[in-house]
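These numbers were taken from a predicted model, which means no experiment stands behind them.
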Amino acid sequence: EHPCWKCGDADCNGEVDILDVIVLNKNLVGGGELSKQGQKNADVNEDGKPGFDDSLAILKYVVKVIDKLPV
């Protein structure tokens, strides 16, 4: 397991926060790249690729609508 691995931590800074949602959304619309580890971390529904549904799940986790990741 990679030392950076944390479910939802798209920017690999060790925290799951709103910046992960922003970084993931920017990547999804072509405005930035995620590292391979960031892609793995962002794939919270474990379907093999990060997507907008993962972004929404991370956002729900950050604002405490859901209490755990992966979903």
*Asks:* Not counting sequence neighbours, which residues clear side chain to side chain contact (heavy atoms under 4.5 Å, CB included) with Lys26? List them please.
*Replies:*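 For Lys26 the side chain to side chain contact (heavy atoms under 4.5 Å, CB included) partners, ignoring immediate neighbours, are Ile22.
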*Asks:* Could you walk me through whether Asn25 and Val29 pass side-chain contact (heavy atoms from CB on, under 4.5 Å), step by step?
*Replies:* CA-CA 6 Å; Asn25 285 344; Val29 298; 5.9 Å; no
*Asks:* Rounded to the nearest 0.5 Å, what separates atom NZ in Lys40 from atom SG in Cys12?
*Replies:*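 One gets 10.5 Å once the value is rounded to the nearest 0.5 Å.
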*Asks:* Calculate, to the nearest 0.5 Å, the distance between atoms CG and CG belonging to Leu24 and Leu56 respectively.
*Replies:*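 Here the interatomic distance stands at 11.0 Å.
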*Asks:* Quick one: CG on Asn27 to CG on Leu34, what's the gap to the nearest 0.5 Å?
*Replies:*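 Spacing of CG (Asn27) from CG (Leu34) equals 4.0 Å.
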*Asks:* Can you measure from CG (Asp54) to CG (Leu28) and round to the nearest 0.5 angstrom?
*Replies:*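 So the gap between those two atoms works out to 8.0 Å.
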*Asks:* What pair of heavy atoms forms the shortest contact from Glu46 to Pro70, and how long is it?
*Replies:*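 Smallest interatomic distance, heavy atoms only, reads OE2-CG, 3.8 Å.
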*Asks:* Check Val21 against Ser55 and note the closest heavy-atom contact, atom names and distance.
*Replies:*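 Here Val21 and Ser55 meet closest at CG1-OG, 3.5 Å.
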*Asks:* Between Asp9 and Asp20, is there a donor-acceptor pair closer than 3.5 Å when you use the side chain of the first and the backbone of the second?
*Replies:*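 Checking the backbone N and O of Asp20 against the side chain of Asp9, no donor-acceptor pair under 3.5 Å is found.
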*Asks:* Has Asp43 got a side-chain atom pairing as donor or acceptor with Gly48's backbone, closer than 3.5 angstrom?
*Replies:*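 Here the side-chain-to-backbone pair exists.
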*Asks:* Could you tell me the separation between the OH atom of Tyr61 and the CG atom of Leu69, rounded to the nearest 0.5 Å?
*Replies:*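 So the OH of Tyr61 and the CG of Leu69 are separated by 6.0 Å.
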*Asks:* Quick one: does Asp53's side chain get under 4.5 Å of Asp47's, heavy atoms only?
*Replies:*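 Yes, close enough: below the 4.5 Å cut-off.
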*Asks:* Does any donor atom in the side chain of Asn41 or Gln37 lie under 3.5 Å from an acceptor atom in the other side chain?
*Replies:*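 Yes.
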